[in-house]
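Here's the structure, in structure tokens; my notes come after.
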Amino acid sequence: MKEQTETHVIKKFPAGFYWGAATASYQVEGNIFNTDWAKAAEEGRVPVAGKACDHYNRFREDFDIAKSLGHNAHRFSIEWARIEPEEGKFDEKEIEHYREVLLALKERNITPFITLWHFTLPFWFSERGGFEQKDSPEIFARYCAYVAEKLGDLCCDFATMNEPNVYGSNGWLRGSWPPFKRFTLTDLVSITNSGRTYESKASKGLRPFFLYRRVMKNLARAHNRAYEEIKKKHDACSVSVVKHVILFHANWNPINKIIAYIANHFWTHTFMRRVYKNCDSIGLNYYFHKKFGDRAVYEKTDMDWDIYPEGMHAALMMLWKYKKPLFVSEAGLADAADKYRADYITRQVRATYKAITDGADVRGHMYWSLLDNYEWALGYEKRFGLVEINYETLERTVRPSAHIYQKICENNGIE
Ligand code: BGC
């Protein structure tokens, strides 16, 4: 794998390695009005997404930029609410749109990786109870099968869902995302004391915890059913799940080590054990770590997350336990000044390389994100892009760090 050059040692990645960046429909496309998030924005509970980066109309220009930056792969998501705006009614025009997106990637020799669902739900589906409902896996699988049937000739990599644990915990434990249900022990006390029923506190208290567990089970069932249905349409395509891993680790203290072990079990392995048999590969989204007993002081991203890209290695090794091909499906940082990004990317790529030399079958690396975008409940302030967006004029400006990543992509390796 290592190749000597005159002056440097290049750590070469396996031939055919996928290098690129990721986006998600609701965060970049613009003008999506029929989702739970759009409804929440109308009610003033989350920022309005509006026209976003207008990627829906400017995808060709954006892919030209990706191409110029040496990318040979691109991960993006399909907006369920565009494809199935009413229950059971599919919109051929929107399928045509995504076919054009795929053709534009093909013309540029960029391999597509589709995520079928990245957080936002069609409004009709969230209104009828979303993933709390028993039949939600069937409804989800029907949508996935439809898309795979229509797009499977242009794409052979489908991730069913993005970060189920983040979706579930923000929606049902923290209550910061739709459907805004919050698990609080304080309310448990008041409920117990006053003898009130849980139902009277539908969006706070103990009940969201049980709903969270139900949602997580339904998401796993949804993935498994979607896997079967997609395979019926296109047996040869690869179906994966995109898993957010928080790296929980510890200092020397055995008690801290046990805490870290339990935390990893709950955050990563509970879900993975339910789905890994129905994964042809696994996507890893890595952003942060928590080291119990750690006194080190870290530099911070604009999200106030520790700068610790080295954690990528342990996060990959954690998923390698399932012995499926791995992709870094997202990793990156919010850094409006572009002060840390180049160094961060370099270090996270080195950590990825280390995982490969330690035996993990890693096949691709997608930086998050190609473009600045709508950072969910935080709106447009946080800047993750290799490409800066001026939200007034929609002008695109490539950040200097994007060229450091470009060098890595073009060399298929790193010093
Ligand atoms: C999500 C993205 C998000 C990014 C940065 C990931 O958890 O998949 O949608 O923008 O993290 O917070």
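Read the numbers this way: they start at 1 and go in the same order the structure lists the ligands and their atoms. Predicted model only: the values in this text are computed from it and were never measured. Residue indices begin at 1 and follow the sequence shown.
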Practice item. Please report which non-hydrogen protein atom sits nearest to atom 4 (C) of ligand 1, along with the residue it belongs to and the distance in Å to one decimal place. Key: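 Residue, atom and distance for the closest contact: Y287 OH, 3.5 Å.
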Point to revise | Identity and distance of the protein heavy atom lying nearest atom 1 (C) of ligand 1 | key: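 For this ligand atom, the closest protein heavy atom is E330 OE1, 3.3 Å.
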Check your understanding: Quick check: does W376 get an N/O under 3.5 Å from an N/O on ligand 1?
Key ->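 Such a contact does occur with ligand 1.
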Check your understanding: Counting both backbone and side chain atoms, is some N or O of N373 under 3.5 Å from an N or O of ligand 1?
Key ->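 N373 vs ligand 1: no N/O contact under 3.5 Å.
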**Study point:** Closest candidate by heavy atom, reference atom 12 (O) of ligand 1, pool E375, K382, E163
**Key:**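 Checking each option, the heavy atom nearest atom 12 (O) of ligand 1 is found in E375.
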Review point. Should you measure from each heavy atom of F384, which atoms of ligand 1 turn up under 4.0 Å away?
Key: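 Matching atoms, with element in brackets: 5 (C), 12 (O).
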**Study point:** Enumerated ligand 1 atoms positioned under 4.0 Å from heavy atoms of H118
**Key:**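 What qualifies from ligand 1 is 1 (C), 2 (C), 8 (O), 9 (O).
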**Study point:** Test of ring centre spacing under 6.0 Å for Y143 and F125
**Key:**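 Aromatic pair excluded; centres sit 6.0 Å or further apart.
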Review point. Do W267 and H244 have their ring centres less than 6.0 Å from each other?
Key: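 Yes, the ring centres sit under 6.0 Å apart.
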Under 30°, 30 to 60°, or over 60°: which ring-plane class applies to [X] and [Y], parallel, tilted or perpendicular?
{"X": "H55", "Y": "H74", "result": "tilted"}
{"X": "F327", "Y": "Y18", "result": "tilted"}
{"X": "W368", "Y": "H118", "result": "parallel"}

Review point. Among side-chain atoms of Q348 and H365, is any donor-acceptor pair under 3.5 angstrom?
Key: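 Checked: Q348/H365 side chains pair up, N/O donor to acceptor below 3.5 Å.
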Practice item. Decide whether the shortest distance between a heavy atom of V166 and an atom of ligand 1 is less than 4.0 Å. Key: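 No, V166 has no heavy atoms under 4.0 Å from ligand 1.
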Exercise for review: Return yes when W305 approaches ligand 1 closer than 4.0 angstrom through a heavy atom, no otherwise.
Suggested key: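 Yes; W305 lies near enough to ligand 1 that a heavy-atom distance drops under 4.0 Å.
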Review point. Does a salt bridge link R225 with E229, judged by any charged N lying under 4.0 Å from a carboxylate O?
Key: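 The answer is yes: the pair qualifies as a salt bridge.
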